[in-house]
Amino acid sequence: MMDTQLKQLARDLKGDLYYDNRMRILYATDASAYREMPLAVAMPRIVEDIKKLIAFARTEKTSLIPRTAGTSLAGQVVGKGIVVDVSKHFTQILELNKTDGWVRVQPGVIRDELNIFLKPHGLFFGPETSTANRAMMGGMVGNNSCGSNSIVYRSTREHLLEVKVLLSDGSEAEFKTISPDDFHAKCDGETLEANVYKTVRKLLSNYDNQVEIRKEFPKKSVERRNTGYAIDLLLETAPFTAGGEDFNFCKLIAGSEGTLAFITEIKLNVVPLPPKEAGLLCVHFNTIDEALRANLIALKYRPGASELIDHYILECTKDNIEQIQNRFFVQGDPGAILVIEYTRTNRDEVIEIAKQVEAEMREAGLGYHFPLLFGDDTKKIWTLRKAGLGLLSNLPGDAKAVPVIEDTAVDVNDLPAYIRDFNEILKKYDLYSVHYAHAGSGELHLRPIINLKTVEGNRLFRTIAEEIAALVKKYNGSLSGEHGDGRLRGEFIPQMIGAKNYQLLKEIKYSWDPENIFNPNKIVDTPSMNTMLRYAPGHKTPAFKTVFRFQNQDILQHAEQCNGSGDCRKTELSGGTMCPSFMATRNERDTTRARANILREFLTNSDKMNRFDHEEIKDVMDLCISCKGCKSECPSNVDMAKLKAEFLQHYYDANGVPLRSRLIANFTASARLGALMPGMYNFMMTNKGMSKLVKKFSGFAAKRSMPTMYKTTLRSWWERHKEVKSQKSKVRSQKSEDRNQNKMMNDRGVRAEQSTVNNHLSSPKRVYLFCDEFTNYNDTEIGIKAILLLENLGYEVIIPEHTESGRAWLSKGLLREAKKIAQKNIAMLGKLVNEETPLIGIEPSAILTFRDEYVDLVNDDQLEAAKELSSHVYLIDEFITKEIAKGNISNAQFIKEHKLIKLHGHCQQKAWNALTASVNMLSLPENYRVETIPSGCCGMAGSFGYEKEHYDISMQIGELVLFPAVRKQAEDVIIAAPGTSCRHQIKDGTGRKAKHPVEILYEALAQ
Ligand SMILES: Cc1cc2nc3c(=O)[nH]c(=O)nc-3n(C[C@H](O)[C@H](O)[C@H](O)COP(=O)(O)OP(=O)(O)OC[C@H]3O[C@@H](n4cnc5c(N)ncnc54)[C@H](O)[C@@H]3O)c2cc1C
Ligand code: SF4
Ligand code: SF4
């Protein structure tokens, strides 16, 4: 029935309307624990579209849920109406007025991108959130967001000057500061706008209401107060409070969570950039209690932030390889550390302040160690602080750290006692969690670990919320300090501000929105907080038999690690790799989150025997290019490449494997054939007509150039090379062989250097080279250079017997075949390779399969061998870097020429933290300067960029950062890229030839 109307609506909009199952699933959740299937998802293009949506909602008795990045933690953007996503088309910065210090934006402008725009003007928008690289201004206003710097910059509300909105009858309205006279003038008339003014006048002029509001709302000293509509703040303005600042409805709209009006434009106050010098005073304490008392001293000296790191975080980071280096400033075994940021115009001023703070704390007997840190060290400290949350959100299994009591705020003076009481409650229920206190503003972030899939867990979710609500009321604090009420805390508002005041909120809501079309059931009239959750308590799912093992959990649990935080919505401007498809399209459906959501939904609720057999999953997975960016950058380490591969295997089990996937997976077999007649093969791939046919037959993009074969394979070159070497040592007739060798190498610009030039090793060290299929057939020249380089440096290089890497099979989801390959390689290499004689590889995507997928693929009886082998497998860049560190290779062996190298890292290499090795290796020649291009994925991603339907998006990804960065380099700058696909993509996208780092180092050998 509704389908007909939706169809008509879709036709009427300039933007898009989706009401298919797939899109509804993707918008059924946010970063909270809630889930509700919306009726549809709209992406309006113009304001007129939103008006049409409003008219539709009124006629069809449905609702609209405004949404930007969807990172809300209290279920604000979950609901059964139409989710209206303005993150795609309402992204303009409209006007900047530097003189008066304001900027006018559309709601879909990302907070950090706004600040990138403002920076050259010496300005910025102060309030921040931990999600600032994807959270948008509409959402920041909706939730009245703020962050660790709120003691200086307060919350979004304090910077919201004006808004343009659509009211619930579709009329346009503007809200800004108005004088008392104007306020009364606004009350005249019968429009909806006049009505909202009249209602607020009636309610706030009432003396009893005024008394009740002043009595029941959180203490004035609690700066962070996102409980209910901010009528307490409106009450303090003229005309209700003589001498108060002028009335502005923006105070109410900030934090109204899309329940009152649809915002189309936002005017924000902007401020001068903060002083340049920031120092972190990291005071060590024996207990949290001491730290919180010392916090009161810290606050007297105007810090930018005062944040608590508790003992639990410090413990978690002790054995974490990545975090150990960030603990450099920790002394002893502190019970808590207070990280206090002081920002001043110069370092001396910061040092002076820190001295005074230390003196006062010491006098009060608080704190035992007071390191003050600047520059890059400060980044390490913030990383350490965040680590605890990462470790928590990464918990395997059904019990998760859930947002439920994660946002309380009390007066900073009450904080020590409050946290003591808080912990008593947690102890009662046997719960514990990391304490994240924005100590400077009395805000406590804490997520207890609860299994919401069980009836008991669901009950505990509620019980703990009730108890903490009562505690917050005892301290007259705010149940929400910054995250908002949504449907999580709405139920407790009557308790927090009193039943009478709650009635006022309802009157306010329905004066704005009589037909309840704007984001219903948030803030007021919310359903029970433990209903409509992602996990129905007691719901059972079948055991999933998978080819990969998912480390102590099943595939569904791995997908469930996604908590919706939306880090995968960050854009290319924030750097990193995750998630290239979203960066290119800016569509929610192309995020890692969308992929995790769709998989979770069908694995949980499908009624098919094979729960993977759904087109919707395939659709949403389609643009995942398996770059592994999420494996390392998602705070919950969701490994979508692995999930996609497993999904594809099961999907193909039901639907058959497409011809192109077979062709690609069988790359090695076809390359072997091609290698029999490389000339013919290359002709077919490069001749215009022939290659057109080949591409058409195989489903590759006509515009894409095809890789060619080298005239020999690396393996056969090495066999000959070995022979030549042994003959030489036998007959000692070096000269003539050298000439032959030289001749062959010179054909392709490769020098046949003799080994042991400037050799630092006392005896040759043996290394095994993994002759991956890409280097063997296509990039043979790089393989030859790698061998010659290593021999020159004094290593004996052996290519052992092994089979292909399996990367092509993995990328196409043919996991059972990949598994056979992995097992074969482990069997062939397991006994050979050890720390003394490691296995090194040239192509990152191939060699890293040993470290990554093999361990999760092989049968249990090979698991230990796979793990052991993986610990002795290195990228050649890593191996050389290690040897440099041992003193076995030095810069004396290389030329002194000056060169600038721009390095684009391979995604899988980055996911394994192995990019630094390439930088270190390339920096070895004394005058080589290496700069990494801040690119994410190149867009090629194995075969993805060859495929005809993916060519355009592949090039779009390349255009985000990589291509422009390469294009602007001078001719003499060397472009380095360890990945074979990346080099191909750079060539196709820019016409520049990129080199593997090992080639560059080989060419830098001193003669
Ligand atoms: C890991 C994590 C850390 C976080 N840290 C912080 C933090 O430090 N500080 C903080 O304050 N918050 C934090 N949050 C919460 C959240 O990120 C912020 O509230 C953020 O500002 C929301 O922005 P968004 O674009 O995702 O908004 P959304 O979630 O899309 O929307 C937020 C609200 O705004 C409304 N809205 C959006 N657009 C409009 C519009 N055009 N008209 C009317 N209403 C609209 C929505 O209906 C919704 O009620 C965190 C969340 C996560 C997951
Ligand atoms: S995939 Fe990771 S980064 Fe993206 S929303 Fe889920 S948890 Fe966050
Ligand atoms: S593997 Fe890459 S493309 Fe796929 S979801 Fe993860 S970050 Fe995105």
Side-chain angles (χ1 to χ4, degrees), residues 30-32 50 64-74 76-77 79 83-87 90 106-108 110-111 127-132 134-148 150 155-156 163 165-166 224 226 253 255-264 266 389 393 403 406-407 438 443 445 481-484 486 518-519 522-523 561-570 577-583 590-597 621 623-631 633-644 907 911 936-937 941 944:
D30 50 16
S32 69
I50 305 175
L64 305 178
I65 301 131
R67 166 167 162 149
T68 41
T71 65
S72 285
L73 283 162
Q76 284 95 326
V77 294
V83 176
V84 186
D85 180 353
V86 293
S87 69
F90 285 77
Q106 290 186 313
I110 296 175
R111 187 272 187 189
E128 61 167 3
T129 65
S130 318
T131 49
R134 66 259 188 209
M136 295 172 159
M137 292 319 309
M140 286 192 76
V141 170
N143 287 349
N144 185 33
S145 303
C146 61
S148 51
S150 72
S155 65
T156 304
V163 284
V165 301
L166 292 176
R224 287 163 170 251
N226 267 356
I253 287 169
S256 64
E257 301 180 2
T259 60
L260 300 180
F262 207 113
I263 304 168
T264 54
I266 301 167
L389 188 60
S393 54
E406 87 297 350
D407 189 33
H438 293 305
E443 165 92 27
H445 286 321
E482 59 185 31
H483 297 164
F518 285 139
N519 210 3
K522 317 287 151 50
I523 301 183
Q561 275 186 203
C562 168
N563 55 23
S565 69
D567 294 64
C568 46
R569 281 186 64 105
K570 69 182 160 65
T577 301
M578 175 180 72
C579 171
S581 51
F582 173 77
M583 286 182 185
D590 300 322
T591 58
T592 318
R593 167 167 82 175
R595 292 166 190 137
N597 275 336
M621 290 284 180
L623 293 192
C624 168
I625 61 178
S626 302
C627 67
K628 298 259 174 196
C630 43
K631 185 184 166 90
E633 290 175 27
C634 158
S636 307
N637 295 126
V638 172
D639 183 350
M640 193 48 66
K642 184 175 177 184
L643 289 169
K644 179 180 179 180
C907 291
C937 179
F944 180 87

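Each ligand, and each atom within it, is numbered from 1 in the order the structure gives. In what follows, every heavy atom counts, from backbone to side chain, and hydrogens, waters and symmetry copies are set aside.
- For the pair D30 (side chain) and V77 (backbone), a donor-acceptor distance under 3.5 Å is present.
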Q: For side-chain contact (heavy atoms from CB on, under 4.5 Å), just list the numbers for M640 and M578, CA-CA rounded to whole Å, side-chain angles, deciding distance to a tenth of an Å, and then say yes or no.
A: CA-CA 11 Å; M640 193 48 66; M578 175 180 72; over 6 Å; no
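- The closest approach between G108 and ligand 1 stays at or above 4.0 Å for every heavy atom of the residue.
- Taking every non-hydrogen atom of A261 and a distance limit under 4.0 Å, the qualifying atoms of ligand 1 come out as 43 (C).
- At a heavy-atom cutoff of 4.0 Å, ligand 1 is contacted by the side chain of P107 but not by its backbone.
- Side-chain polar atoms of R224 and S150 form a donor-acceptor pair below 3.5 angstrom.
- With contacts defined as side-chain heavy-atom distances shorter than 4.5 Å, the pair C937/I625 qualifies.
- When the options N143, T68, I263 are ranked by their closest heavy atom to atom 33 (C) of ligand 1, first place goes to N143.
- The two residues A641 and S626 have their closest heavy-atom pair at CB-CA, 3.7 Å.
- Close contacts of ligand 1 with S72, meaning ligand atoms under 4.0 Å from a residue heavy atom, involve 28 (P), 29 (O), 31 (O), 32 (C).
- Considering S87, P635, S130, C146 only, the shortest heavy-atom separation from atom 10 (C) of ligand 1 involves C146.
- If you look at A31 next to ligand 1, the close heavy atoms, those under 4.0 Å, all belong to the side chain.
- The two residues L260 and F518 make their nearest non-hydrogen contact at O-CD1, 3.4 Å.
- Of the charged side-chain nitrogens involved, none lies within less than 4.0 Å of a carboxylate oxygen, so that K522 and E257 do not count as a salt-bridged pair.
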Q.
Let's go through K628 and C907 carefully: what are the C-alpha distance in whole Å and the side-chain angles of both, what is the deciding distance for side-chain contact (heavy atoms from CB on, under 4.5 Å) to 0.1 Å, and is it a yes or a no?
A. CA-CA 7 Å; K628 298 259 174 196; C907 291; 5.7 Å; no
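- The shortest N or O to N or O distance between E482 and ligand 1 is below 3.5 Å.
- Contact between T577 and C627 at its shortest, heavy atoms only, is CG2-SG, 3.8 Å.
- Note: H483 and H445 have parallel aromatic rings, judged against thresholds of 30 and 60 degrees for the angle between ring planes.
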Q. T129 and M140: side-chain contact (heavy atoms from CB on, under 4.5 Å), yes or no, with the steps?
A. CA-CA 9 Å; T129 65; M140 286 192 76; 3.8 Å; yes
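- Formation of a donor-acceptor pair under 3.5 Å by the D407 side chain with backbone atoms of G481 is found in this model.
- Near T131, with a cut-off below 4.0 Å to any heavy atom, the atoms of ligand 1 are 2 (C), 3 (C), 4 (C), 16 (C), 17 (O), 50 (C), 51 (C), 52 (C).
- Here is the list of ligand 1 atoms found below 4.0 Å of a heavy atom in T129: 6 (C), 7 (C), 8 (O), 9 (N), 10 (C), 11 (O), 12 (N).
- Neither the backbone nor the side chain of R111 has any atom closer than 4.0 Å to an atom of ligand 1 (non-hydrogen atoms only).
- Neither the backbone nor the side chain of S256 comes within contact range of ligand 1; no heavy atom lies under 4.0 Å.
- Taking a 4.0 Å cut-off on heavy atoms, I65 fails to register as neighbouring ligand 1.
- When non-hydrogen atoms are compared, ligand 1 lies under 4.0 Å from the side chain of N519 (C-beta onward) but not from its backbone.
- For the residue pair R134/T591, the side-chain donor-acceptor check at 3.5 Å is not satisfied.
- In terms of N/O distances under 3.5 Å, ligand 1 is approached by A69.
- Smallest separation of non-hydrogen atoms from N143 and S72: ND2-OG, 3.0 Å.
- Residue contact check: C627 has heavy atoms under 4.0 Å from atoms 1 (S), 2 (Fe), 3 (S), 7 (S) of ligand 3.
- Which parts of ligand 3 touch K628 is read off a 4.0 Å heavy-atom cut-off, strictly below it: atoms 1 (S), 2 (Fe).
- K631 places none of its side-chain heavy atoms less than 4.5 Å from the side chain of V638.
- Of all non-hydrogen atoms in T68 and D85, the two that sit nearest each other are O-OD1, 3.8 Å.
- Interface of Q76 with ligand 1, defined as ligand atoms under 4.0 Å from a residue heavy atom, comprises 48 (C), 49 (O).
- Relative to atom 46 (C) of ligand 1, the option among G142, G258, P66 with the closest non-hydrogen atom is P66.
- At a 4.0 Å heavy-atom cut-off, the residues surrounding ligand 2 are C562, N563, G564, S565, G566, D567, C568, M578, T592, R593, C634, P635, S636, listed by chain and number.
- The shortest N/O to N/O separation between H438 and ligand 1 does not fall below 3.5 Å.
- Here's the thing with S145: one of its N/O atoms is less than 3.5 angstrom from an N/O atom of ligand 1.
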Q: Please test S87 against R569 for side-chain contact (heavy atoms from CB on, under 4.5 Å), starting from the C-alpha separation and ending with a verdict.
A: CA-CA 11 Å; S87 69; R569 281 186 64 105; 3.1 Å; yes
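- When non-hydrogen atoms are compared, ligand 1 lies under 4.0 Å from the side chain of V77 (C-beta onward) but not from its backbone.
- Using a 4.0 Å cut-off to heavy atoms of E257, the atoms of ligand 1 that qualify are 47 (O), 49 (O).
- For ligand 3 and I625, the ligand atoms under 4.0 Å from any heavy atom of the residue are 3 (S), 4 (Fe).
- Closest approach of T259 to N519, counting heavy atoms only: CG2-O, 3.4 Å.
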